[in-house]
2 protein chains.
Amino acid sequence: MTVTRSTNGGRRTARRIRHEDLVRLRMTLGRLGRVLRQQTDDGLSYALISLMFAIHRMQPASAGDLATSEGVSPPSVTRSLNRLVELGLVAREADPLDRRNAVISLTPAGEQERQRILRSREVWLSDHLARLTDEQLHALLGVLPVLELLCDPELP
Amino acid sequence: MTVTRSTNGGRRTARRIRHEDLVRLRMTLGRLGRVLRQQTDDGLSYALISLMFAIHRMQPASAGDLATSEGVSPPSVTRSLNRLVELGLVAREADPLDRRNAVISLTPAGEQERQRILRSREVWLSDHLARLTDEQLHALLGVLPVLELLCDPELP
DNA sequence: AGGATTACTTTACATGGTTATATATTGGGT
DNA sequence: ACCCAATATATAACCATGTAAAGTAATCCT
């Protein structure tokens, strides 16, 4: 499998990645994701937490913006918002300028919850990071921006 | 939050990871995982593919072994196996020595499918890896073993 | 022999993703 | 001014895949 990219200078470089590495990457990231998505952090699921962070970043956000930012379909966002509104963590009102738009924001309780999550121990992850050597941990944090880039919804 | 590990020499080192990094790591890996799990690779879901690889590694495997190896509950494995057996990719028979055990193996069609997956382009992942510079790609592949370690079901 | 244990399956449920369809609002053309 | 198309969200129905709890069959132990 050949991956091509444009370099700084505008040249294009062909790179070869072994299929085996691709499969390992897919399987490993897939599994890690599953495990992390199942950690409920005492109450809120991954999907809801992720949405709350997105709301915080984009506040005040429309539902469609959130769907784009989260990389999921609008109905999925609608359902999650329903839940967050029920829980009193999120406020949803109609945009007075264009009443088709929903204006979404965190309630004070939602902001408080967001900060609680930020401070939380992230038990599973912490425990498992403890298996790593300092070098491994350093390397992992070093590629964090790369991982973020990999699933950035802004890019093509 | 403090993470502790034992070093080569048996010493213990306390390391501090910023909460923010923990949260970023969790959110990013969670999202990547979701995306990758949704790539169906023309027919088979992530869960089924992952299970087939596990079967291949452990062949002949019992259902319980597979559940442990996949880090999922036995009912989940049972259901996935039902599907794979339906598809003719996996054979399930009773262990003649202990008829409570299921003996699971890939059929020839299953092995063929496994190899097809190994050769497949992994479209989404390939395309997105193309965004990375050579250095980023190298770094990512470099931490692959670390990521694998992080979710290794063998370890505590 | 018979009860406890083991291994797997069945059942029932929750979450969160999808597509297709419905509803309400806005804006534009004549 | 009115109607139609487009837009933003919501609803409905479906699917996959995780769980926990209860059921079944086989084995083991005394």
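Values below: every heavy atom of this structure, side chains too, minus hydrogens, waters and symmetry copies. We name chains A, B, ... by the order of the sequence lines, and we start the count at 1 in each one.
Counting to the nearest Å, the P atom of dG17(C) and the CZ atom of Arg31(B) are 10 Å from each other. Following rounding to the nearest Å, Leu81(B) (CG) and dT10(C) (P) show an atom-to-atom distance of 11 Å. Separating the CG atom of Leu66(A) from the C1' atom of dA10(D) is a distance of 15 Å, rounded to the nearest angstrom. For the pair Arg83(A) CZ and dA10(D) C1', the computed distance is 18 Å after rounding to whole Å. In this structure, Asn101(A) atom CG and dT7(D) atom P are separated by 13 Å, rounded to whole Å. The distance from atom CD of Gln39(B) to atom P of dT18(C) is 11 Å, rounded to the nearest whole Å. Following rounding to the nearest Å, Leu44(B) (CG) and dA16(D) (C1') show an atom-to-atom distance of 13 Å. One interatomic measurement links the two molecules: CG of Leu36(B) to P of dG17(C), which rounds to 14 Å at whole-angstrom precision.
Judged by distance alone, with hydrogens and angles left aside, the side-chain atoms of Ser62(A) form no donor-acceptor pair with the main-chain N or O of Val103(A) at under 3.5 Å. Under the 3.5 Å distance criterion, the side-chain polar atoms of Arg26(A) are matched with a main-chain donor or acceptor of Gln39(B). Side chain of Arg92(B) to backbone of Ala102(B): no donor-acceptor contact under 3.5 angstrom is found. No donor-acceptor distance shorter than 3.5 angstrom exists from the side chain of Arg99(B) to the backbone of Ala94(B), with no hydrogens or angles considered. Side chain of Ser50(A) to main chain of Tyr46(A): no donor-acceptor pair is present (N/O by atom type, distance under 3.5 Å, no hydrogens or angles). Side chain of Ser126(B) to main chain of Glu122(B): a donor-acceptor pair is present (N/O by atom type, distance under 3.5 Å, no hydrogens or angles).
Nearest-nucleotide mapping onto DNA chain C: of Gly64(B) and Val72(A), the residue sitting toward the 5' end is Gly64(B). Mapping Gly71(A) and Val103(B) onto DNA chain C via the closest heavy atom, the residue that lands nearer the 5' end is Val103(B). For the pair Ser62(A) and Tyr46(B), both in contact range of DNA chain D, the more 5′-proximal nearest nucleotide belongs to Ser62(A).
In this structure, Pro74(A) reaches neither bases nor backbone, as no heavy-atom distance under 4.0 Å exists between it and the strands shown.
Applying the 4.0 Å criterion to OP1 and OP2 of dT9(C), one finds that Asn82(B) has every side-chain N and O outside that range. Neither OP1 nor OP2 of dG18(D) sits under 4.0 Å from any side-chain N or O of Ser73(B). Close to dG17(C), at under 4.0 Å from its OP1 or OP2, lies no side-chain N or O of Arg37(B). Contact annotation: Ser76(B) reaches the phosphate of dG18(D) (side-chain N/O to OP1 or OP2, under 4.0 Å). The phosphate of dC8(C) (OP1 or OP2) has no side-chain N or O of Thr78(B) nearer than 4.0 angstrom. For the pair Arg34(A) and dG18(D), the criterion of a side-chain N or O lying under 4.0 Å from OP1 or OP2 is met. Between Ser80(B) and dT17(D), a side-chain N or O to OP1/OP2 separation shorter than 4.0 Å is absent.
One can find a donor-acceptor pair under 3.5 Å joining the base of dG17(C) and the side-chain atoms of Arg79(A). You'll find a donor-acceptor pair under 3.5 Å spanning the side chain of Arg100(A) and the base of dT7(D), going by distance alone.
Among dT17(D), dT27(D), dA10(D), the nucleotide with an atom closest to any side-chain atom of Ser45(B) is dT17(D).
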